[in-house]
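In what follows, every chain begins at residue 1, and chains take the letters A, B, ... in the order their sequences are listed. When reading the values below, keep in mind they use all heavy atoms of this one structure, side chains included, and skip hydrogens, waters and symmetry mates. Since the structure is predicted, the reported quantities are computational estimates derived from the model, not experimental observations.
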Amino acid sequence: MMRYVLGRLLSAIPTLFLIVTISFFLIRVAPGGPFDLERPLEAKVMENLNKIYNLDKSIPEQYLLYLQNLVQGEFGPSFFFRDFSINELFAQSLPISIQLGLSALTLALIVGGILGVSAALRQNHGLDYSIMAAATFGVTIPNFVVAPCLTLLFGVSLGWLPVGGWEGGKLQNMILPVITLALPQVAVVARLTRGSMIEALRSNHVRTARAYGLSAYTIVVVHALRGAILPVVSYLGPAAAALLTGSVVIETIFGIPGIGRYFVQGALNRDYTLVMGTVVVVACFVIIFNIIVDLLYALLDPRVRFD
Amino acid sequence: MRWIQKIAKGADVTKPNDNTVLQISNLKVDFETNTGEVNAVKGVNIHVDAGETVAIVGESGSGKSQSMMAAMGLLASNGRTQGSVTYKGEEILGLPSGRLNKIRGAKITMIFQEPMTSLDPLYTIERQLCEPMVQHGNYTWATAKKRAVELLELVGIPEPARKVKAYPYEMSGGQRQRVMIAMALANDPDILIADEPTTALDVTTQAQILELMAELQERLGMAVVFITHDLTIVERISDRVYVMKQGEVVEEGATKEIFGAPKHAYTKMLLDAEPTGRKDQVEDSAPLVVEADDVRVEFETEAGFLKPNHVLRAVDDISLTVREGQTLGIVGESGSGKSTLGRALLQLLPSSGRVVYCGKDITGASRKAMRPLRKEMQLIFQDPFGSLSPRMTVGQIITEGLLVHEPHLSAAERDKRACEALEEVSMDAAMRNRYPHEFSGGQRQRIAIARTMVLKPKLVVLDEPTSALDRTVQKQVVELLRNLQKEHGLTYLFISHDLAVVRAMSDTVMVMQKGQVVEQGSASEIFDNPQQDYTKTLVAAAALKLEEFA
Amino acid sequence: MSDTTINTAQEAVKGRSLWDDAKDRLKANRAAVASIIVLTLIALLSVFGPMLSPHEYDTVYRDYTKVPASLSAYPKADQIEPALNKIAKRARMSIDSYSLSEDGVVTAQVSSKRKLDPRNMRRFDRSDLFEQAALENVSADGKSATLKMDVQYMHFFFGTDANGRDMLTRTLIAGRVSLTIGLLATIVAISIGVMYGATSGYVGGRVDLIMMRAVDILYSLPFIFFVIMLVVFFGRNFVLMFIAVGAVEWLDMARIVRGQTLSIKRQEYVQAAEAMGIKNAGIIKRHIIPNTLGPVVVYMTLLVPKVILLESFLSFLGLGVQEPMTSWGVLISEGARNLEGASWLLIFPSIFLTSTLFALNFIGDGLRDALDPKDR
């Protein structure tokens, strides 16, 4: 298994390299530069800055320099947050986003799974219809609507929970952002689980289990759910990567210092290193989660082998 | 290997009696569907006595499976039942699953038609064999595991101690069906319900499974309910027969009586449904239509990154000749390469070797070069549900080939040709604006035949054209094909695993196994006096009925 | 099994195509039908509403900033006196008494320390509340008079925003923008996706391998990064940007169509057509395209809400359309900033956006069930 994981990681390197290259040149050809402020800087200052950040070198040279640093795990200094390196910025923000994302992911899996299974067991009955209506609701309503509405209700009107802020990840500060972040995922997981559960419950091997008088628990959990969870697992790979790398909207609305907002800030300020850093981090998460998904698959399905 | 008949002398077993273990009375099954209620079973009475073998016979859609499913509480969620089902006098229809589970899996067990999917792919054989044993309280996990190995040995699986740890995907269809039988026997049931247990298997495997079941019944003495469409099996194994048609039992009685003197017209039709008659032999002087030398088809399966690809030789150096008006029957089990050979001859697959059609060497001809010849060389498929484009009308489907081969025809002329073609296959020409899904399987196969006939072909490759059809429909299609051949002087390459049909259709027969020819000769030589062991097994497995027709 | 009747009647029976069946199934799906009605209504309102509305979407009513949604007309009775006093103060006069008649005419007794200047009365006209102010019965010293003017009644059913613009008109105009963008980007995405996917699937082999590898790499680029880069590139040219968004969203479509094409290619009816010598073009036209259409239509109805959501999201981040033009996303983000005290700014655009998204999702689900009845 270790060999498999290593192999997968190695084969991800070309992909990662391509992503880095595409992004690097894309942001460099974008109009504007990191020091184009409203009031132009003095030529002397500008020259100095360009020198510090290697902008006086040719773009291929800069690219090679960047790759060199990247291989050593250095994302370089931020152009905008002048006193910080990207590594420092990420060291502060990434754990917050991961904590938020993991909580939302767990919530989505548990609640979505339970809802999906319940709906499947009561297919085309009242419970099924209400769960699916709620799920459509969850998928449909954008989080930038949900977030203000929840804040309005629990923060402003009822005053039960803080309106925003992180404060080191206190529970009451996490509740609203996690719910908002998890809501669409709960809905998608519920839908997926319901669909594959219905299919599994109709499958021939579940019919066999019923014909042999196995208990309802054995039929539903042991024989139906284990197979039915597979599509959910493969959905969760990319979804988890997106959740863990933060949601721009939620971090903005709730004032959480996560990594998500760096996407927007970085691109708008032409903070080259910051943008590249976020891209690399997201790509790594996607790759890692795809590997985790494959491992989970192999764990759940004996037909999948590592070679 | 005839099953032992267990009818007590002089006793009238056609009525429920003291020995009756399972009694189904006035059972009705309805399904609620989007298009309204479907009455699948309309008041059926069936009883099963201890130790006997009862067959329920019928064509697809007759409700034979659904009545047993209903009795076992296994209907789909939109199914409703009425009536009564008793096991040893105890009502079991409509019981809550908790109480029903005391009986199903312990006293009454089932095996199903689909050996490939009836076992959970995610668990080992051992686990699935043990579950019902532990569930019904007869065993602990430890004792159940021992018993699982014994059971596998009992059903004839080699190396049972090792195989018990295997997953279903690591076994063949026949082995999986054996595992299902082992599972069914685990709790020493009174009744074993077998729902088309051999239909999805190759003929040779079929025979083995039947033999196994017969032997086990003799040893263990449970009653067997055999649901099947195959009359040869019924005659061989059952004590009594119920014939079902459209949700009703139309005839019942002892097997001998039913087969000896059927009363109901439908039973007579079923018994008469075996394709009969022989093809008129063609003179050896008739011109050659197809001449093939050393045809070979290879498939590469990708083994993985940087590994040499595995090469599978699907057709291995096969030579054959077919004369005008002749039918060459190609026989073999699934995976023998017979379909691949048919396609390779038509140059639909890349192959090596030499193929000559009517004196023209068409080996490796390009699509463009083949196009004018396609009019004369046609292909008919097995699955009449897959071979007709679902979003085209029957008229469009039939005349599609004319667009290429007779482009000068006007739309009205094409329509006329479609009508003629439909009438030629005995279908109502008024149906030409309908869509394929509005027809039955037999009608669709006629449409597929009409599609080829409209082009007035010389050579037709028929790839299992009757295998997906009910017996009675099969017979009609066989007759239609023979008539068309006589009328138009067609040459057929008839590919099938069904020996009865091949015999009724062919002049010469070729037996294939694993891509190679096992035996080749005239139809009578092959069927009456097979030389090779494999051919002998095939003919023996296809059994009994052939002897009667010989 | 009576498929042996011969009938030479030339009049052909009309068949029911799979599309007919699907249409019937869709009609029987109440949620989908209701959604179609709602969506049509919203589309019609968005297209024609702004033309019929008495307010322009960019007209600023300075006296009506952030007024709540109301079914009755503005000004309310209690707004008149403060407004009168405010203007009077600026005109350096005072209102001694005033009365409001049934037909909306204000009659006020005004006085001033200095001589009243009729030109000063324009201050009343200039306000959004009154019009046609005129002095009557000017007293002899010219320091007091009767001021008569009409109250200018206006409806703000959805209230007004922080700049005093009618939210109803703005919501409808925003709908125009959001729906147009949704459609435009979807059409671009579908066209590229279908062509790419069908080619890749039908040609197969190495071409397929390379084309799909490219899709995989594009997939692993963070989507937000891509979109934000597009904003950076195209600046505020919204149409161009959404063509570009469409050009990003085609990836899923390409995968779906490719998968579909691959499975259809293996179908026996395609093999049958090949065996009859039908040319590639004919196979694609008569067999592949009609049979991939179902999933494409379903995906399309589900892509429109996705794009609308994306536009709203960009607008929410402040990267969307520019003032005074607006979209639902812009309105919602403004609403979110004015949560306390002006909740109507959030509520109305949210209702429109979510009902549109809901309707589209339900139609998509309904279509999927109708086209692929196995699922239910």
Side-chain angles (χ1 to χ4, degrees), chain A residues 12 14-16 18-19 22-23 26-27 29-32 123-124 132-133 136-137 139-149 151-152 155-157 163 191 195 198-199 238 241-242 245 247-249 252-253 260-261 263-264 266-268 270 275-276 278-283 285-287 290, chain C residues 31 213-214 216-235 302 305-306 308-310 312-319 328-329 332-333 335-341 343 345-347 349-351 353-362 364-365 374-376:
Chain A
T15 317
L16 203 58
L18 267 170
I19 291 172
I22 296 172
S23 324
L26 211 59
I27 188 138
V29 278
Q123 198 200 349
N124 294 342
M132 281 307 107
T136 312
F137 201 75
V139 177
T140 314
I141 299 196
N143 50 15
F144 52 86
V145 174
V146 174
C149 289
T151 321
L152 185 63
V156 180
S157 305
V163 179
R191 280 177 149 208
I198 286 175
E199 205 174 296
T245 43
S247 162
V248 188
V249 173
T252 313
I253 292 177
R261 64 215 157 104
F263 277 105
V264 187
L268 291 186
R270 305 291 186 280
V275 172
M276 291 303 299
T278 48
V279 169
V280 171
V281 166
V282 172
F285 269 99
V286 171
I287 289 164
N290 280 336
Chain C
R213 191 84 198 126
D216 284 345
I217 287 171
L218 288 178
Y219 252 113
S220 39
L221 276 181
F223 182 69
I224 298 184
F225 166 72
F226 226 91
V227 173
I228 291 171
M229 285 315 296
L230 289 172
V231 180
V232 170
F233 269 111
F234 292 109
L302 295 175
K306 239 172 119 184
I308 292 179
L309 209 59
L310 180 68
S312 314
F313 164 74
L314 286 177
S315 298
F316 182 85
L317 296 178
L319 303 172
W328 285 331
I332 289 171
S333 86
R337 277 196 291 275
N338 289 297
L339 259 187
E340 292 166 67
S343 51
L345 290 183
L346 176 66
I347 290 167
S350 300
I351 289 176
L353 176 65
T354 42
S355 8
T356 307
L357 298 179
F358 251 115
L360 282 164
N361 275 315
F362 275 126
D365 286 354
K374 287 194 293 290
D375 270 13
R376 272 263 159 191

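- With a 4.5 angstrom heavy-atom cutoff, A:Phe285 does not touch chain C via any of its atoms.
- No side-chain heavy atom of C:Ile332 sits under 4.5 Å from any side-chain heavy atom of A:Pro148.
- In this structure, chain C has heavy atoms under 4.5 Å from both the backbone and the side chain of A:Leu26.
- Counting heavy-atom pairs under 4.5 Å between each of A:Thr252, A:Ile22, A:Thr151, A:Ile141 and chain C puts A:Ile141 at the top.
- For C:Leu360, no part sits under 4.5 Å from any heavy atom of chain A, backbone or side chain.
- Using a 4.5 Å heavy-atom cutoff, the side chains of A:Pro142 and C:Leu357 are in contact.
- To the nearest 0.5 Å, the span separating CG on C:Leu346 from CZ on A:Phe144 amounts to 10.5 Å.
- With a threshold of 4.5 angstrom between heavy atoms, A:Ile253 approaches chain C through side-chain atoms but not through N, CA, C or O.
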